[in-house]
Amino acid sequence: MPLRSKAGCCVIVVENLPVPFDRRVWQEAKALRDSGRNVSVICPVNQDFSKEYEEIDGIEIHRHPLPVEARGKLAFLAEYSFALFYEFRLLSKIYRTKGISVIQACNPPDLIFLAALPFRIFGVRFIFDQHDLCPELFIAKFGKKGVFYWLLRGAEWLSYKAADFVITANDTFRDIALERGYKSPDKVSAVYSIPNRKHIYRTDPEPGVARGKRFVLGYLGIIGDQDGLDFLVRAVAHLIRDFGFADFHALVVGDGPALGSARALAEELGVTDYMTFAGFLSGERLMRHLSAFDIGIIPDPVNETNDKMSMNKVFEYCALGVPTVAFPLTETKRLLGDAGVYAPTADAEGLARACLELMKDDALRRSKSEIAKRLSDNVFNWEHEEQKYLAAYDAVQGHNARRAPAVALRAPEPRVLMDGDFKPFEPPH
């Protein structure tokens, strides 16, 4: 009979993306491994990660099929049902063979606690890692509340209730866990999805990706319906047709269910010659493509969900030392501060105007790049987030060795900067 205690396995369950493609989850898994814990991950397969089982860097990865690629309400229910079945089956397999100490559920959806709940009887601890606000995400996708919204609110509350500890993707989410979930402040910690600087860096750009143009507008990330890539495609059309500016190429790095519709829109608008959809990339090839970026684009539209999200692109573009164009989302502006140029209107034309402003002003582009680099060097620090993450595990497993102070990431207050007026940003206290 395997041990059912601290010596058991820490299992991370994620349904949204496969590992190691999900950068946040993969960094968390490696942090647990480096702390001396036994780690397994349960996640779905996709075309790039099709093996049902493999071990990478000492971490066991168990993948399951998802027969349905959800786009509508009923399809989401079907996807979640399939996923819960496979998650419970794989959890049972790991429990029988290795024992389980902690199950960490990474949303969306807020239903993974159902697969973990039976193991609570045997003393297994449960951590809820809240990547997204699912009720607000529902409104962003379907434009209204209704019955499904309140069902999602109920699932979120039950996830909070079941959790021994809640990890949130930012401090705004942490406040919601305290208010909506009635969690004790010492049971909730914000861990930002900052990339490990060892794994994102500039190198020689991939030859030819600029297609002979002066500027590369870059997009990195998942391509879902809510991620706004269609705004970037339309912004490209505005730049060419309305503003008469064509000395650029848009490079899209990533994959997801909305990639096909984005490609179709580019063809419909006649801008395929100005865009490259590179798909999923990894390793040195990924770094070469990212190193071609001159401007990073965050096209996520203005809505209640995105206004509260800490976009991974903020941290990734700053690590690359490039300026960012985005809509004026509250959390995005809080993190980026002066490193960003914000669309004057909440539409594709506004996004195009912000891109044009940066491309036409060399001094502005250089100053924004330097601010982004300073943010990455002095504020956006994965090592600190890693300590907060491990402290959550120490708390549920009864260890007291690691206690990271709570620090809210925040860019300095926006202000007008003059030449030579750059001072190193100090991490907030």
Answer yes if the side chains of Q104 and D129 hold a donor-acceptor pair under 3.5 Å, and no otherwise.
yes
Pairwise distance CD1(I103) to CZ(F119) - rounded to 0.5 angstrom:
5.5 Å
With sequence neighbours excluded, what pairs up with R89 under the side chain to side chain donor-acceptor pair (under 3.5 Å) test?
none
For the aromatic rings, using the six-membered ring if either is Trp, is the centroid distance between F231 and F327 under 6.0 Å?
yes
Just do the side-chain contact (heavy atoms from CB on, under 4.5 Å) check on I42 and I94 with the steps written out, would you?
CA-CA 10 Å; I42 294 173; I94 296 169; 4.0 Å; yes
Does one side chain, of Q130 or T168, offer a donor that lies under 3.5 Å from an acceptor on the other?
no
How would you list, by chain and number, every residue that makes a side chain to side chain contact (heavy atoms under 4.5 Å, CB included) with A266, sequence neighbours excluded?
V233, V271, T272, M275, F277
Between R334 and T172, does any side-chain donor sit less than 3.5 Å from a side-chain acceptor?
no
Is D186 atom CG crowded by more than 12 heavy atoms from other residues, nucleotides or ligands, each under 6.0 Å away?
yes
Would you say the side-chain atoms of R125 pair up with the backbone N or O of V102, donor to acceptor, closer than 3.5 Å?
no
Quick one: are the ring centres of Y160 and F128 less than 6.0 Å apart?
yes
Separation between CG (L111) and OG (S159), nearest 0.5 Å, reads 7.0 Å
Cation over ring, K360 on F245, under 6.0 Å and within 45°?
no
If you measure from CG on L286 to CG on L220, what distance do you get to the nearest 0.5 Å?
6.5 Å
Any donor-acceptor pair under 3.5 Å linking the side-chain atoms of R197 with those of S376?
yes
Salt bridge or not for R120 and D164, using N-O below 4.0 Å?
yes
For the ring pair F138 and Y149, is the centre-to-centre distance below 6.0 Å?
no
Separation of H62 NE2 from I12 CD1 (nearest 0.5 Å)
12.0 Å
Quick one: do the Q226 and T305 side chains pair a donor with an acceptor below 3.5 Å?
no
Just one of L335, N303, N306 clears the side-chain contact (heavy atoms from CB on, under 4.5 Å) bar with L329, so which one?
N306
